[in-house]
2 protein chains.
Amino acid sequence: MTSAAAAPSPEGSKGNQFDSLPADAFKELFRGHPGGVAVITADDGTGPVALTATSVASVSADPPLLVFSVSALSSAAPVITNADTVVVHLLDADDLHLARLGATSGVDRFADRTAWTRLTTGEPVYNGVRAWVRCAVISRMDAGGSTVIAAHAIGASIERDIEPGQPGGALVYHNRTWHRLGEHSRLD
Amino acid sequence: MTSAAAAPSPEGSKGNQFDSLPADAFKELFRGHPGGVAVITADDGTGPVALTATSVASVSADPPLLVFSVSALSSAAPVITNADTVVVHLLDADDLHLARLGATSGVDRFADRTAWTRLTTGEPVYNGVRAWVRCAVISRMDAGGSTVIAAHAIGASIERDIEPGQPGGALVYHNRTWHRLGEHSRLD
């Protein structure tokens, strides 16, 4: 067992119960925590941006709300945290190329003009993804160097539907590796 | 393609660009979006509570912050949204029994006194899980009937470590089914 507990602890603690967990220990914890994969796009008038996120979660179906976080370290952060509306693309394993594109630094994520279009409302949308949902940002919360954003779903398109209770080819990111779910991964 | 787009759209829209996406369409979208699995516990002095959540995400490593959401529909919601500190158990496939326990309504999630203990600071912790992290709640954001909670990691224990770049037996919830990640699910 690796331990980096709050006081009293021999390791990783300065003896105060509100000491922070060291960054390395925190990274080690979350290395083992998988996440579904989304690409978030926006354009606040300064040009389209995109980033890959594993933090997208459904919060409520009625009203239809979701939440995600954006690190200030991302090149897309200034636009996404400033935008009134965003498009959240919910990816499956067939969209792995897009997941990689949104996670690669220093590239033009919109260089291929055949890969994306714009909604009539202006937001960039990548073609052919499993599903996307257009959202209005309803609140923002600062959290360290990141911003947690809650957004209200106002429009959507589902290209590849999934039957209830049947695993589709879902895409998961885990410990720096990409995975596909299906009958082969099912536990029950 | 199933479409429930914002105006102009033939389906699912009342012609206003800020109409909500219908709840059924929103559920259909997120049915295809997988999530890592956590059990969150707390005790605000009224007794221990636990719930299973697929919304836990790392937000920042330095400071070490995570976020999750709690639906007001959960029996554990009043205590967890009121607590100053919580314990987030990050599960793997060996912890499936605990994931099911925290997702089952109407049961005493602490009936088995051999399955859990308390930290010296009072929070309930289940034994034998892959990892847990004790957190101080730093902010709360209302989102529909749910609360989005950001928390600062202040202590942790890792029972089953995972090598960087090597898939462990991670647990994923997807479309009402449970999955285990490993070499069998890997794409790259």
Side-chain angles (χ1 to χ4, degrees), chain A residues 1-6 18 20-21 23 25-27 29-36 55 57-65 67 69 90 131 133 139 141 143-146 148 150 153-159 162 165 167-168 170 172 174-181 184-188, chain B residues 1-6 18 20-21 23 25-27 29-36 55 57-65 67 69 90 131 133 139 141 143-146 148 150 153-159 162 165 167-168 170 172 174-181 184-188:
Chain A
M1 184 188 293
T2 308
S3 185
F18 286 100
S20 277
L21 192 70
F26 189 80
K27 288 179 187 169
L29 275 172
F30 275 92
R31 203 156 64 202
H33 195 67
S55 61
S58 162
V59 164
S60 155
D62 189 11
L65 304 180
V67 67
S69 72
L90 299 171
V133 51
S139 46
M141 176 166 71
S146 297
V148 179
I154 53 180
S157 173
I158 298 179
E159 180 84 20
I162 291 173
V172 177
H174 171 58
N175 192 18
R176 307 180 200 171
T177 57
W178 304 97
H179 294 261
R180 188 176 67 81
L181 301 184
H184 61 285
S185 60
R186 194 162 167 176
L187 282 168
D188 57 351
Chain B
M1 184 188 293
T2 308
S3 185
F18 286 100
S20 278
L21 193 69
F26 189 79
K27 287 179 188 170
L29 273 172
F30 274 93
R31 204 156 65 203
H33 195 67
S55 60
S58 162
V59 164
S60 153
D62 188 10
L65 304 179
V67 68
S69 72
L90 299 172
V133 51
S139 47
M141 176 168 70
S146 297
V148 179
I154 53 181
S157 173
I158 298 178
E159 180 85 20
I162 291 172
V172 176
H174 171 59
N175 192 19
R176 309 181 199 170
T177 58
W178 303 96
H179 294 261
R180 188 175 68 82
L181 300 185
H184 61 287
S185 60
R186 193 163 168 175
L187 282 168
D188 58 352

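Remember, it's a predicted structure, so these values are computed and weren't measured experimentally. In what follows, chains carry the letters A, B, and so on, assigned in the order in which the sequence lines appear, proteins first and then strands, with residues in each chain numbered from 1.
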Which atoms form the tightest heavy-atom contact between A:Ser185 and B:His179, and what is the distance? OG-ND1, 2.7 Å
Which atoms form the tightest heavy-atom contact between A:Pro34 and B:Val172, and what is the distance?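 What the structure gives for the nearest pair is CG-CG2, 3.6 Å.
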Heavy-atom contact with chain B under 4.5 Å, split by part of [X]:
{"X": "A:Val148", "result": "both"}
{"X": "A:Pro64", "result": "both"}
{"X": "A:Ser69", "result": "side chain"}

Atom [atom1] in [X], atom [atom2] in [Y]: separation rounded to 0.5 Å?
{"X": "A:Arg176", "Y": "B:Ile162", "atom1": "CZ", "atom2": "CD1", "value": "12.0 Å"}
{"X": "A:Asp62", "Y": "B:Phe26", "atom1": "CG", "atom2": "CZ", "value": "10.5 Å"}
{"X": "B:His174", "Y": "A:Arg186", "atom1": "NE2", "atom2": "CZ", "value": "9.5 Å"}
{"X": "B:Ser20", "Y": "A:Leu65", "atom1": "OG", "atom2": "CG", "value": "8.0 Å"}

Would you call B:Met141 and A:Ser139 a side-chain contact if the rule is heavy atoms closer than 4.5 Å?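 B:Met141 reaches A:Ser139 side chain to side chain.
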Answer key: most heavy-atom pairs under 4.5 Å with chain B among A:Arg180, A:His184, A:Arg31, A:Lys27 is A:Arg31
Side chain to side chain contact (heavy atoms under 4.5 Å, CB included) between A:Leu181 and B:Thr177, intermediate numbers included: CA-CA 10 Å; A:Leu181 301 184; B:Thr177 58; over 6 Å; no
Assert top hit (heavy-atom pairs under 4.5 Å, partner chain A, pool B:Ser60, B:Ser58, B:Ala143) equals B:Ser58
Per-residue tally against chain A (heavy atom, under 4.5 Å) across B:Gly32, B:Ala23, B:Gly35 peaks at B:Gly32
Working note: A:Leu29 + B:Leu90, criterion side chain to side chain contact (heavy atoms under 4.5 Å, CB included); need CA distance, chi angles, decisive distance, verdict. CA-CA 8 Å; A:Leu29 275 172; B:Leu90 299 172; 4.1 Å; yes
Would a distance-only check, ignoring hydrogens and angles, find a side-chain to backbone donor-acceptor pair under 3.5 Å from B:Ser146 to A:Val59? yes
